[in-house]
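Below, chain A is the first sequence line, B the second, and so on; all start at residue 1. FYI, side chains are in, hydrogens and waters are out, and symmetry mates aren't considered; it's all heavy atoms of this structure.
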There are 2 protein chains.
Amino acid sequence: MARKRHEDALATREQLLDAAERVFRRRGVGHTSLAEVADEAGVTRGAIYWHFKDKADLFQALVQRVEMPINAAMEEMSRASAADPLGAVRSLAVHALQGLAGCRRTQAVFDVVFLRCEYTEELAPVRARQLEDRKDCLRRCEAAFEQAIAKRQLPADTDARVAAQGLYAFVTGLMRTWVETPGRFDLGAVAPPLVDVFIAGLKTDPPRRAPAPRKPAAKRVRRPQAA
Amino acid sequence: MARKRHEDALATREQLLDAAERVFRRRGVGHTSLAEVADEAGVTRGAIYWHFKDKADLFQALVQRVEMPINAAMEEMSRASAADPLGAVRSLAVHALQGLAGCRRTQAVFDVVFLRCEYTEELAPVRARQLEDRKDCLRRCEAAFEQAIAKRQLPADTDARVAAQGLYAFVTGLMRTWVETPGRFDLGAVAPPLVDVFIAGLKTDPPRRAPAPRKPAAKRVRRPQAA
DNA sequence: TTACAAACATACATGACTGTATGTAAACTG
DNA sequence: CAGTTTACATACAGTCATGTATGTTTGTAA
């Protein structure tokens, strides 16, 4: 094939990512040869090796295509959490779930990420990035919960960290179970009430911080509340 | 090597499963060759092909080794749910989480199941079994929640099915996030309070069954949403 | 004691898949 | 308009995994 213009090359790149999405989903990342991806995209392996270093690089690019909107939503939460922290967290969780339910590409990528790939050494960079994203999300949620405590939206001795870990696990668990069997329930519909279950539970019976260890005759120290 | 007695052969089988657990965890199921498993077990591939049909069969046997305790716990819940359904569900969830936190073998298998394998065609039987287990768990939990409604432990219009799906997603989400980073938090310790958050939320603000539609054609508008 | 079959080990044929090296035609540059 | 670079296609070498076929040794039953 002949040389193309720059924009055509970018289109080829997108086609490769689209093709990889489909093939990875069908056959799994590890079981997919780059030849299959090339076939699906209507090119040869040469094109893949031109645009990407190897399969891991291709996969990473694939994931990054859908990460942006979620990160934007997290920024939004951090901004909105000054006024109504609990509402901001709720909004983020619901938005993330409905974003998955409503976007085909996100569904495909999450399907691959959750079910069709092995996190071994060759995908270490992808995995490291995921864990970094998770850490960031947990940090933000924990901060929001701390603000919620300060604003008396949550009990004073709520363990914000554990609460954040719980919410994260809940949301990602819903994502995974839904991706496993998309037909079984309407994620977009159940997301708001289910997130509300967790929020309501936090209000009435949250995980409590371990009380300050009371040694005999040691004075009790109140931890300063973050503002 | 020579022939062994029956019990020696069973021991070899267990060694193979142990070895597979370790190698699968390090390298991923798809990236592992049976030669590697054989090496790890100190035998040759011949032994593997004697005891198992192929890699998928080996993997399936590996998973089945840890399924028993969980299934037993589910039976137990169904039994106990007559007297205190909500307590039985809570107990099952906590028990499952602490069972993971406390058992090395379970941790290894869940690690492989969640992170080191691709659910493609060759693992279809394993996957089908998992989905069957999940369905069974959901059925039992839903039934327990129904009983909880009958006993006024939950509001009358609680949607038991959605509640069960939520709890299942929550528990498996916790399992997965913990397996991803076992050092980050103490699963055994946070399990009870976090499960209680969900239960408490169900009591005060559960997902409600859709009220009987007064007008037949009240159509929901679905908005396509990016991420 | 023989005969069979269990429980593996060994050897082989086959078929990918990967990475790279090289070819090539068109687009771009000066 | 000639040279250069881009954007691929093609060809090649080497490795590696799989499944099976076959060999080997030894419990065990008759």
Side-chain angles (χ1 to χ4, degrees), chain A residues 1-20 22-24 26-62 116-118 120-126, chain B residues 1-20 22-24 26-62 116-118 120-126:
Chain A
M1 185 179 292
R3 186 185 171 188
K4 296 173 177 176
R5 291 171 313 177
H6 187 62
E7 57 175 28
D8 293 332
L10 288 183
T12 300
R13 197 187 124 100
E14 292 300 305
Q15 283 172 32
L16 282 171
L17 290 172
D18 293 345
R22 292 193 296 271
V23 182
F24 284 171
R26 281 206 303 271
R27 311 241 311 129
V29 177
H31 294 77
T32 297
S33 71
L34 293 183
E36 289 177 279
V37 175
D39 278 2
E40 177 84 15
V43 296
T44 67
R45 279 169 49 240
I48 297 182
Y49 279 102
W50 174 256
H51 286 285
F52 307 97
K53 187 172 155 290
D54 51 20
K55 203 204 285 179
D57 189 39
L58 172 62
F59 180 67
Q60 186 151 18
L62 197 139
R116 323 289 183 188
C117 84
E118 300 174 359
T120 126
E121 195 164 347
E122 82 171 324
L123 292 188
V126 186
Chain B
M1 188 177 289
R3 184 185 171 184
K4 295 174 177 176
R5 290 170 315 177
H6 188 62
E7 56 176 28
D8 292 333
L10 287 183
T12 301
R13 196 187 124 99
E14 292 300 305
Q15 282 171 33
L16 281 171
L17 290 172
D18 292 344
R22 292 192 295 271
V23 182
F24 284 171
R26 281 206 302 273
R27 312 240 311 129
V29 176
H31 293 78
T32 297
S33 72
L34 293 184
E36 289 176 279
V37 175
D39 279 2
E40 177 83 15
V43 296
T44 68
R45 279 169 50 239
I48 298 181
Y49 278 102
W50 174 257
H51 286 284
F52 307 97
K53 188 172 156 289
D54 52 19
K55 203 203 287 178
D57 189 39
L58 171 62
F59 180 67
Q60 185 151 17
L62 197 141
R116 324 290 182 187
C117 85
E118 300 174 358
T120 129
E121 195 164 346
E122 81 170 322
L123 292 188
V126 187

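Following rounding to the nearest Å, Glu7(A) (CD) and dT6(D) (P) show an atom-to-atom distance of 17 Å. Between the CG atom of Leu10(A) and the P atom of dT6(D) there is a distance of 14 Å, given to the nearest Å. Between Trp50(A) atom CH2 and dT20(C) atom P the separation is 15 Å, expressed in whole Å. Rounded to whole Å, the distance from CG on Asp39(B) to C1' on dA9(C) is 13 Å. Leu34(B) places its CG atom 12 Å from the P atom of dT20(D), with the value rounded to the nearest Å. What separates CD of Gln15(B) from C1' of dA7(C) is a distance of 13 Å, to the nearest Å. As rounded to whole Å, 15 Å separates atom P of dC16(D) from atom NE2 of His31(B). Taking atom CZ on Arg13(B) and atom P on dC8(C), their separation rounds to 12 Å, with Å as the unit.
Between Tyr49(A) and dG19(C), a side-chain N or O to OP1/OP2 separation shorter than 4.0 Å is present. The side chain of Thr12(B) places no N or O atom within less than 4.0 Å of a non-bridging phosphate oxygen (OP1 or OP2) of dA7(C). Between His51(A) and dC8(D), a side-chain N or O to OP1/OP2 separation shorter than 4.0 Å is present. At the phosphate of dA7(D), OP1 or OP2 sits under 4.0 Å from a side-chain N or O atom of His6(A).
A donor-acceptor contact shorter than 3.5 Å links the side chain of Lys55(B) to the backbone of Thr32(B).
Within 6.0 Å of the CD atom in Glu14(A), the count of heavy atoms belonging to other residues, nucleotides or ligands exceeds 12.
Residues Arg116(B) and Thr120(A) have side chains not in contact (no heavy-atom distance under 4.5 Å, counting atoms from C-beta outward). Side-chain contact between Phe52(B) and Arg13(B) is present, with heavy atoms from C-beta onward closer than 4.5 Å.
Salt bridge status for Glu40(A) with Arg26(A): present, with a side-chain N to carboxylate O gap under 4.0 Å.
Of all nucleotides listed (dT20(C), dA7(D), dC17(C)), dT20(C) comes nearest to the side chain of Arg45(A). Of the candidate nucleotides dG19(D), dC8(C), dA9(D), dG19(D) has the atom lying nearest to any side-chain atom of Asp54(B). Distances from the side chain of Glu36(A) to the nucleotides dC17(C), dG19(C), dT18(D) place dC17(C) closest. Checking dA9(C), dC8(D), dA17(D) against the side-chain heavy atoms of Ser33(B) singles out dA17(D) as nearest.
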